[in-house]
Participant: 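I am attaching a structure below and will ask some questions about it afterwards.
Below, chains carry the letters A, B, ... as their sequence lines are ordered, and counting in each starts from 1. Predicted model, so just to flag it, every value in this text is computed and none were measured.
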Number of protein chains: 2
Amino acid sequence: MTEKRITIYDLARQLNTTASTVSRALQDHPGISKPMKEAVRKLATKLNYQTNYRALSLRKGFGNTIGILVPQVNRNFFATVIHGIETIAAASGYHVLICQSFESLSKEKIQLKNLLNGRVDGLIASVSLETKSCTHFESFMATGLPLVFFDRVPDTMDVSKITIDDYASAYKITEHLIANGCSRIALFGGPEHINIYRNRAAGYRDALNDNKLPVSGELHCVNAITRETGYQAMAELVSNGVAFDAVFAAGDYGALGAMLYAREKRIDIPGAVAITGYANEPFGEIIDPPLTSVDQHGIEMGRQSARMLIEEIEHKGESYIPREIVLRSEIIYRPSSQRNG
Amino acid sequence: MTEKRITIYDLARQLNTTASTVSRALQDHPGISKPMKEAVRKLATKLNYQTNYRALSLRKGFGNTIGILVPQVNRNFFATVIHGIETIAAASGYHVLICQSFESLSKEKIQLKNLLNGRVDGLIASVSLETKSCTHFESFMATGLPLVFFDRVPDTMDVSKITIDDYASAYKITEHLIANGCSRIALFGGPEHINIYRNRAAGYRDALNDNKLPVSGELHCVNAITRETGYQAMAELVSNGVAFDAVFAAGDYGALGAMLYAREKRIDIPGAVAITGYANEPFGEIIDPPLTSVDQHGIEMGRQSARMLIEEIEHKGESYIPREIVLRSEIIYRPSSQRNG
DNA sequence: TATTTTTGAACAATCGATTACATCATTGTT
DNA sequence: AACAATGATGTAATCGATTGTTCAAAAATA
């Protein structure tokens, strides 16, 4: 059952030569004669020799593997980013190791510890909702491993980051609601220690201010980015008798909760309440009415993250100046927010 | 910048002892004195020593890592199974390495090659849609690494497998459609070299036969499991003037395509055409009308897969008899298929 | 033919851990 | 006082690859 793995020593023995010769032959080293190379290769394929990654990476000190740490893979945005990373990684000869924090700080820390034990040569990460302090990421960096953040990035750290224009798109989508006749726009926000939610909230507020609309506290639902909290936030607005004619949700799932509540209570969308989301999850196109949202160009974000990280990995030793890239997002206008159309 | 990693040799040098003592101290070996253990541990934490996974796994011959190879992580079912696997893996001290085939045979082969190079101690897999022959999985097994398949499993291979009762649930859901007055039920199938689609189709056919309903070729849409192909299949049925009053889709995305076509053409669901899906993707609850589907208990499937694999890993050497587990699925009845109700 | 150059392959160190075995000092036994 | 038992470390081999150095034989040159 447990058949031994073939090693270069096995090959060497059968060919009456040494492991070093076998190793060089397999690498097409110039110092090895043609017939020897032939013989080695032939035997290697015959015995289905596979180079032992563990030995190789120990010897070389790197393993051509990049780690990805995301809150959840079961979100279209993250899955898409991963896809983008994989295309670039594969093209550059890197493998990808995916880990999830499930939005939990403690799990994030555990995953990070595993990763830096020599499993990866660099990391692409997006922090969990619970992550306020980043000491664990700092000790990851202290080991000298390159790190690139995307989307949810800690702003206290001096690392490469890639984000989208959260502020600008939130501003723009809020103005879109205003243009559609909304003046009392509720904000379904997320934890503001996370850059994206802070920036989206800021864009929303500034758009209101610039349009001479009041920013009201009762319209600010602090934690409403899941389906459940979105539903609840909507329910509370209604039951508290708060007057509002739109919801700007900082995430699609919060918007979904709002829509489901509206459906249940027969609140007309967008007639009574216009709704917009954020992330352009696929269900937004399916739901009735289809949901206006912001596409974050996940594939591109993934590609750029991977390129940055690989560059850092391959220039290791030379001091690398962290870069920050901000991608332009795209607002996808759908019926949930358009009153005249 | 590139700060050297601390090794046990560094610790030994600073403590005027040897690496073996340090190693033993860190493992709480009984032969090491208390004060020495204390000193080692203190220095280790002070210098933030991390054991080198590459060296460790080379030495030990295993790395406490299990690989997962799935078509896509961006499917609720697969993401859920992965979650289930992770819970068990974490509890047993294993890490998880996730890879995607993106439904492509060639990518599946590449991922598999990477995995067997000593990166994992065992693999949990579900094959891609393109996978007809399994020689690549056989050569994975030939290296002696344990392998467990779930859901989409090759029936030619003698390995542990975990599936759900596709046949039974398809039979039952077809009878449900019949009970709702449907007699001309279209089958939106998938490639029948994949066990699950073959079994679902068989359950459908047998239910029709047992209820004395004809199995008509024109109602069998061979490849309709994506949103696009589902849409197209529906369009073709209609444009070919085929009489049908229900769709049993072997996958939720095929059902989604059908529903979107129906929505576009104002075909009443379930009045004119009743529709059922398979996999219980979350959008099924959101879409209007909500979609009847089959829940596959992904978490449980993941848990059991992980348990089986870990057991095989830890009993390596002893010859292991492959097991097959069939889980009971659950039909989630929703309005898309209920005419009286 | 004697000497130098080239060629092809062997030798041995290394990566960072673990672990069987050897060694030494101490304590206990008779 | 002689000897065994114990406890605490050190020595060295090992996992499977890579690679700088060495070395012998063959080829080229004088």
Participant: Does B:R119 reach the main-chain N or O of B:N114 with its side chain, forming a donor-acceptor pair under 3.5 Å?
Facilitator: yes
Participant: Expressed as a whole number of angstroms, how long is the span from B:I8:CD1 to C:dC15:P?
Facilitator: 12 Å
Participant: Look at the rings of A:H83 and B:F102 and say which category their plane angle falls in: under 30° parallel, 30 to 60° tilted, over 60° perpendicular.
Facilitator: parallel
Participant: Check the interface with nucleotides 8-11 of chain D: list each N/O to N/O pair with the protein under 3.5 Å, or write none.
Facilitator:
| unit_1 | atom_1 | unit_2 | atom_2 | d |
| --- | --- | --- | --- | --- |
| D:dT9 | OP1 | B:S33 | OG | 3.1 |
| D:dT9 | OP2 | B:S33 | N | 3.1 |
| D:dT9 | OP2 | B:S33 | OG | 3.1 |
| D:dG10 | OP2 | B:T17 | OG1 | 2.4 |
| D:dG10 | OP2 | B:T18 | N | 3.2 |
| D:dG10 | OP2 | B:T18 | OG1 | 3.2 |
| D:dG10 | OP2 | B:T21 | OG1 | 2.9 |
| D:dG10 | O6 | B:R24 | NH2 | 2.5 |
| D:dT11 | O4 | B:S20 | OG | 3.3 |

Participant: Any donor and acceptor pair, going by atom type alone, linking the side chain of A:S139 with main-chain N or O of A:A142 inside 3.5 Å?
Facilitator: no
Participant: Would you check if the side chain of B:Q100 reaches a backbone N or O of B:V73 as a donor-acceptor pair within less than 3.5 Å?
Facilitator: yes
Participant: Would you jot down, in residue-number order, the residues of residues 45-57 of chain A having a non-hydrogen atom under 4.0 Å from DNA chain C?
Facilitator: none
Participant: Quick check: do A:N76 and B:N74 have side-chain heavy atoms less than 4.5 Å from each other?
Facilitator: yes
Participant: Keeping the roles fixed (side chain from A:T65, backbone from A:G63), state whether a donor-acceptor pair exists under 3.5 Å.
Facilitator: yes
Participant: Enumerate donor-acceptor pairs with a distance under 3.5 Å from any side-chain N or O in residues 30-40 of chain A to protein atoms, sequence neighbours excluded.
Facilitator:
| unit_1 | atom_1 | unit_2 | atom_2 | d |
| --- | --- | --- | --- | --- |
| A:K37 | NZ | A:D28 | OD1 | 2.9 |
| A:K37 | NZ | A:H29 | O | 3.0 |

Participant: Measure the distance from CZ on A:F62 to P on C:dG16 and round it to the nearest whole Å.
Facilitator: 14 Å
Participant: Just to be sure I follow the notation: if a pair is Watson-Crick (purine N1 to pyrimidine N3 plus N6-O4 or O6-N4) or a G-U wobble (N1-O2 and O6-N3), each under 3.5 Å, what dot-bracket string does DNA chain D give, with | for pairs to another strand?
Facilitator: ||||||||||||||||||||||||||||||
Participant: Quick one: A:Y9 OH to C:dA10 C1', roughly how many Å, whole number?
Facilitator: 13 Å
Participant: Is a donor on one side and an acceptor on the other found under 3.5 Å between the side chain of A:D121 and the backbone of A:F62?
Facilitator: no
Participant: Could you tell me the separation between the CD1 atom of B:I6 and the C1' atom of C:dA17, rounded to a whole number of Å?
Facilitator: 15 Å
Participant: When you compare the side chain of A:V127 with that of A:E108, does any pair of heavy atoms fall below 4.5 Å?
Facilitator: yes
Participant: Take the protein atom CG of B:L26 and the nucleotide atom P of C:dG16, then report the distance between them rounded to whole Å.
Facilitator: 16 Å
Participant: To the nearest angstrom, how far is B:K60 atom NZ from D:dG16 atom P?
Facilitator: 16 Å
Participant: Ignoring hydrogens, what is the shortest heavy-atom contact between A:H193 and A:E130? Give both atom names and the distance.
Facilitator: NE2-C, 4.1 Å
Participant: Are A:Q27 and D:dT19 close enough that a side-chain N or O sits under 4.0 Å from OP1 or OP2?
Facilitator: yes
Participant: Is the side chain of B:N48 donor-acceptor paired with the backbone N or O of B:T45 at a distance under 3.5 Å, no angle test?
Facilitator: no
Participant: Does the side chain of A:L69 come within less than 4.5 Å of A:L123's, by heavy atoms?
Facilitator: yes
Participant: What does nucleotides 23-28 of chain D look like as a protein-contact string, B for base, S for sugar-phosphate only, - for none, at under 4.0 angstrom between heavy atoms?
Facilitator: ------
Participant: Could you tell me if the side chain of B:Y49 sits less than 4.5 Å from the side chain of B:L43, heavy atoms only?
Facilitator: no
Participant: May I have the distance from A:R5 (atom CZ) to D:dG16 (atom C1'), rounded to whole angstrom?
Facilitator: 9 Å
Participant: With a 4.5 Å cut-off on side-chain heavy atoms, are A:V96 and A:I68 touching?
Facilitator: yes
Participant: Atom CZ of A:R13 and atom P of C:dA10: how far apart are they, to the nearest Å?
Facilitator: 14 Å
Participant: Report yes if some heavy atom in the side chain of A:L129 is under 4.5 Å from a heavy atom in the side chain of A:R152; otherwise report no.
Facilitator: yes
Participant: What N/O pairs connect the protein and nucleotides 23-28 of chain C at under 3.5 Å? Give each pair on its own line.
Facilitator:
none

Participant: Short question: side chain of A:R303, backbone of A:T87 - any donor-acceptor pair under 3.5 Å?
Facilitator: no
